[in-house]
Amino acid sequence: MANSCIVGLQWGDEGKGKIIDALTEEYDIIVRYQGGANAGHTVIVDGKKFVMHLIPSGVLHPGKCCVIGNGVVLDIEQLLLEIDELKAAGVEIGGNLFISDGAHIVFPYHKLIDSLSEKQKGDDKIGTTGRGIGPCYVDKMGRTGIRAGDLYFDDYFKERLKSILDHKNTMLTKVYNVDPLSFDEIYDKYRNFAEKIKPYVCDSVDLLNDSLKHNKSIMFEGAQGALLDVDFGTYPFTTSSNATVCGAPAGTGVSPKQIHRVIGIMKAYTTRVGSGPFPTEIEGELGLEIQNKGGEFGATTGRPRRCGWFDAIAVRHAAMINGADSAVVTKLDVLDGQKTLKVCVGYKSGSKMYSRFPTCLSAFTECEPIYEEYPGWDEDTSNITDKKSLPKNASAYINTLEILTGIKVELVSVGPDRKQLFEY
Ligand code: GDP
Ligand code: IMO
Ligand code: MG
């Protein structure tokens, strides 16, 4: 069976959740491999809205196996909330959910340090989701993290938490001038959490590899997007994990040779939440119009998303890093009624021209977009169910995106509902 990886090709929120849900029937297992509760993946079924932060977006399909991989940083409090919400909405959560014993746990000090460090940065803040993601990955790489499986070795967990918290409390009191956190409170709370998630915790590396041996198929669910990838995005205005396909093998323990297809998700325009350069950002009324029409408000934090024109240079870079085999264009309907559509085909900075995505922030910050313009369409595309019925200019726009980014578009999404999707 072919295994696929679904990735965002922009700054996140491309509509990955919707597409993963729509494709889930073709796979046996859906696995999240990086990020944490910073993600907000929306699925709308018959008008009912579900937002997944940690649980894979395939969960709405009964019988599918949903795995939170070792590369994810796990906020247990958020996970328990999510389980309760899904159960209350009638979604089955039980033997279909698996949590890697290697997933690093997000502790209260991670969230606190995330917010204090942002405050300290002032105008230079990253604009994080405040979910403790960066500080938890810092501990993972610094080898001062605690993993899900560690919670069940009480002596080890207790000693390790004590020594880590001592160090964090020194930082909290001496660097940030705030009160220390209580060991007893955190220890008791997380011991209780550990019992609650115990039925789901397993050796996910064995689970996934055994499943492959039994010809099961896997869909790897990327969170965030390539431009937020810690190596290939607009560093330091990125998240702290590899949001490209590069994160999938490390975040699951499945060999890269087992990922047969990469499907990139791209919005018909661009959005970004938080700080950082965004050359094609549309300031003023038109930006607000797209924001409102597209419902561009964060699924995790509710923050308004900055909106801009499609950046073909950035998406081409994302497609290259991911080795994207095909793309899905989402939110085409949001552009209905625009007279003219701009697409960025290069950058300029003074007399310097860029035809590729620059690595360094200082260079990218100075980049101004070079646009090509294309005619828009007046028709409402949200009821369209096949390629043939698309307005001529809408098809021409998609064909242009294919040429400029070098990826074949296989699906087009024209609304938030599961059904508003057709082959291209
Ligand atoms: P993700 O993080 O990539 O899963 O994306 P989000 O769920 O954060 O944001 C995408 C938003 O756009 C959600 O509110 C979706 O319901 C919505 N959405 C997805 N596809 C479409 C589409 O084709 N058209 C419109 N209008 N909305 C869409
Ligand atoms: P999904 O999976 C959009 C952004 C934050 C911030 C930066 C770092 O829904 O596409 P972090 O909390 O990760 O340290 O924040 O990354 N960010 C996202 N933007 N969609 C996401 O996830 C994001 N996850 C993080 O806004 O700019
Ligand atoms: Mg999102």
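Just so it is clear, the model here is predicted, and its values are computed rather than measured. For ligands, and for the atoms within them, numbers begin at 1 and follow the listed sequence. All residue numbers refer to positions in the sequence shown, counting from 1.
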A.B. asks: Can you figure out which of G298, G40, G415 has its heavy atom closest to atom 6 (P) of ligand 1?
C.D. replies: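 Residue with the shortest heavy-atom distance to the ligand atom: G40.
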A.B. asks: Give the residue and atom name of whichever protein heavy atom lies nearest to atom 12 (O) of ligand 2, and the separation in Å to one decimal.
C.D. replies: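 Of every protein heavy atom, T129 OG1, 2.6 Å lies nearest to atom 12 (O) of ligand 2.
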A.B. asks: Students should be able to answer this: which protein heavy-atom is nearest to atom 22 (O) of ligand 2, and at what distance?
C.D. replies: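 Here the nearest protein heavy atom works out to Q224 NE2, 3.4 Å.
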A.B. asks: Please compare T381, L335, T42 and report which has the shortest non-hydrogen distance to atom 13 (C) of ligand 1.
C.D. replies: T42
A.B. asks: Is ligand 2 less than 4.0 angstrom away from at least one heavy atom of R305?
C.D. replies: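 Checking ligand 2 against R305, which is what was asked, there is no heavy-atom contact under 4.0 Å.
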A.B. asks: Looking at D13, pick out the N, O or S atom nearest to the Mg ion (ligand 3) and give its name.
C.D. replies: OD1
A.B. asks: For T300 and A37, work out which heavy atoms get closest and say how close.
C.D. replies: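 Looks like CG2-O, 3.4 Å.
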A.B. asks: Considering heavy atoms of the protein only, find what lies nearest to atom 15 (O) of ligand 2 and give residue, atom and distance to 0.1 Å.
C.D. replies: T128 CA, 3.3 Å
A.B. asks: Run the contact test for R272 against ligand 2 with a 4.0 Å cut-off on heavy atoms, strictly below, and give the result.
C.D. replies: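 Per 4.0 Å heavy-atom rule, R272 does not contact ligand 2.
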A.B. asks: Hey, is T238 one of the residues with a heavy atom under 4.0 angstrom from ligand 2?
C.D. replies: yes
A.B. asks: Tell me whether S275 has any N or O atom under 3.5 angstrom from an N or O of ligand 2.
C.D. replies: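 In this structure, S275 places no N or O atom under 3.5 Å from an N or O of ligand 2.
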A.B. asks: At a 4.0 Å threshold, what atoms of ligand 2 neighbour a non-hydrogen atom of A223?
C.D. replies: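 Here the atoms of ligand 2 in question are 2 (O).
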A.B. asks: Is any side-chain heavy atom of V67 closer than 4.5 Å to one of I218?
C.D. replies: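 Side chain of I218 against side chain of V67, heavy atoms only: no contact under 4.5 Å found.
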A.B. asks: At a non-hydrogen distance cut-off of under 4.0 Å, which region of W11 contacts ligand 2 (side chain, backbone, both, or neither)?
C.D. replies: backbone
A.B. asks: Are any of the N/O atoms in R131 less than 3.5 Å from those in ligand 2?
C.D. replies: no
A.B. asks: Considering only heavy atoms of L228, which atoms of ligand 2 have at least one such atom less than 4.0 Å away?
C.D. replies: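 Every atom of ligand 2 under 4.0 Å from some heavy atom of L228: 4 (C), 16 (O), 17 (N), 18 (C), 19 (N).
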A.B. asks: Considering heavy atoms of the protein only, find what lies nearest to atom 26 (O) of ligand 2 and give residue, atom and distance to 0.1 Å.
C.D. replies: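 I find the closest protein heavy atom is R303 NH2, 3.0 Å.
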A.B. asks: Is ligand 1 less than 4.0 angstrom away from at least one heavy atom of R305?
C.D. replies: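 The answer is yes: ligand 1 sits under 4.0 Å from a heavy atom of R305.
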A.B. asks: Look at atom 6 (C) of ligand 2 and say which protein heavy atom is nearest, naming residue and atom and giving the distance to 0.1 Å.
C.D. replies: G127 O, 3.2 Å
A.B. asks: Please work out which of K331, H53, Q10, K16 has its closest non-hydrogen atom nearest to atom 1 (P) of ligand 1.
C.D. replies: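 Among K331, H53, Q10, K16, the closest heavy atom to atom 1 (P) of ligand 1 comes from K16.
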A.B. asks: Number the atoms of ligand 2 from 1 as they appear, then name those within less than 4.0 Å of a heavy atom of I126, with their elements.
C.D. replies: 8 (C), 27 (O)
A.B. asks: How far is atom 13 (O) of ligand 2 from its nearest protein heavy atom, and which residue and atom is that?
C.D. replies: T239 OG1, 2.6 Å
A.B. asks: Looking only at protein heavy atoms, identify the closest one to atom 20 (N) of ligand 2 and say how far it is in Å.
C.D. replies: D13 OD1, 3.1 Å
A.B. asks: Out of all atoms in ligand 2, which are within 4.0 Å of some heavy atom of G274? Include the element for each.
C.D. replies: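 Going through ligand 2 atom by atom, the ones under 4.0 Å from G274 are 27 (O).
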A.B. asks: For ligand 1, which atoms have a heavy atom of G15 less than 4.0 angstrom away?
C.D. replies: 1 (P), 3 (O), 4 (O), 5 (O)
A.B. asks: Within ligand 2, which atoms have a heavy atom of A39 less than 4.0 Å away?
C.D. replies: 1 (P), 2 (O), 9 (O), 22 (O)
A.B. asks: Under 2.8 Å from the Mg ion (ligand 3) - does any N, O or S atom of G40 fall there?
C.D. replies: yes
